[in-house]
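Data first, discussion second: the structure below is written as structure tokens.
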Amino acid sequence: MSTTQISGVSVNTQASVYFDGKCVSHGITFPDGTKKSVGVVLPATLTFNTGAPEIMECVAGGCEYKLAGTDVWLKSGPGEKFSIPGNSSFEIRVTEAYHYICHFG
């Protein structure tokens, strides 16, 4: 099941906008200091770099993704997650808006 609501968090109201508006996200901080972002990727094929490990959780829409060092495109839809190692990258291919929660660390 997809996460539909996140309670008790602080939200950065200014969006982070990447790739000429193809990806828009807002940072959220939990009371324990944990940070995540929520956002949307619009139709495009993009490459993201990671510092810390990330888990991408699909809450609506869908995407195909390819981790660095692989040649295989995998699908992710609502309620599904995929993990990306730290200091790495992944490509994401979106044909309909992909709504996500990015879990850092």
Side-chain angles (χ1 to χ4, degrees):
M1 182 171 159
S2 298
T3 302
T4 58
Q5 184 174 334
I6 301 172
S7 300
V9 298
S10 173
V11 177
N12 183 348
T13 58
Q14 182 161 343
S16 295
V17 180
Y18 305 97
F19 302 105
D20 296 322
K22 296 290 185 187
C23 178
V24 179
S25 68
H26 290 271
I28 59 175
T29 305
F30 288 77
D32 69 359
T34 301
K35 295 186 182 293
K36 301 181 187 292
S37 66
V38 295
V40 63
V41 179
L42 299 176
T45 299
L46 307 171
T47 300
F48 288 89
N49 296 307
T50 63
E54 297 180 4
I55 297 171
M56 295 292 288
E57 175 185 350
C58 180
V59 296
C63 75
E64 294 181 307
Y65 66 94
K66 182 170 66 167
L67 300 176
T70 69
D71 293 326
V72 179
W73 287 93
L74 302 169
K75 292 185 178 187
S76 181
E80 297 179 331
K81 300 175 184 178
F82 64 93
S83 298
I84 308 98
N87 300 311
S88 187
S89 65
F90 68 100
E91 290 181 67
I92 189 167
R93 188 162 55 194
V94 174
T95 57
E96 60 177 299
Y98 171 72
H99 302 260
Y100 67 87
I101 301 170
C102 181
H103 305 265
F104 298 105

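To the nearest 0.5 Å, the span separating OG on S16 from NE2 on H26 amounts to 8.0 Å. In this structure, NE2 on H103 lies 10.5 Å from CD on E54, to the nearest 0.5 angstrom. Distance check, rounded to the nearest 0.5 Å: CD1 of I101 to NZ of K81 gives 8.0 Å. Atom-to-atom distance recorded for K35:NZ and S10:OG is 8.0 Å, nearest 0.5 angstrom. Note that the CD atom of E91 and the OG1 atom of T70 stand 8.5 Å from one another [nearest 0.5 Å].
Using a 4.5 Å cut-off between side-chain heavy atoms of Ile, Leu, Val, Met, Phe, Trp and Tyr, with links allowed through other members, L67 and I92 fall into the same hydrophobic cluster. In the hydrophobic clustering of this structure, V11 groups with V59; members are Ile, Leu, Val, Met, Phe, Trp, Tyr whose side-chain heavy atoms approach within less than 4.5 Å, directly or through other members. In the hydrophobic cluster analysis, where Ile, Leu, Val, Met, Phe, Trp and Tyr join through side-chain heavy atoms closer than 4.5 angstrom, Y18 is grouped together with I84. Cluster annotation: I6 and F104 are assigned to distinct hydrophobic clusters (Ile/Leu/Val/Met/Phe/Trp/Tyr, side-chain heavy-atom contacts under 4.5 Å, transitive).
At distances below 3.5 Å, at least one donor-acceptor pair connects side-chain atoms of T50 with backbone N or O atoms of S88.
Considering every non-hydrogen atom in both G8 and P31, the closest pair reads O-CD, 3.2 Å. Annotation for Y100 and V24: closest pair OH-O, 4.1 Å, computed over non-hydrogen atoms. The shortest non-hydrogen separation linking C58 to G77 is CB-O, 3.1 Å.
Side-chain contact check for P85 versus P53: every heavy-atom pair is 4.5 Å or farther apart.
Just one of T29, I28, I55 meets the side chain to side chain contact (heavy atoms under 4.5 Å, CB included) condition when paired with K36; it is I28.
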Quiz: residues 37-48 side-chain donor-acceptor pairs under 3.5 angstrom, not counting sequence neighbours:
none

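In terms of the side chain to side chain donor-acceptor pair (under 3.5 Å) criterion, E80 has no residue partners (sequence neighbours excluded).
Applying the ring-ring contact (aromatic ring centres under 6.0 Å, His included) definition to pairs two or more places apart or across chains, those involving residues 67-86 are Y65-F82, F82-F90.
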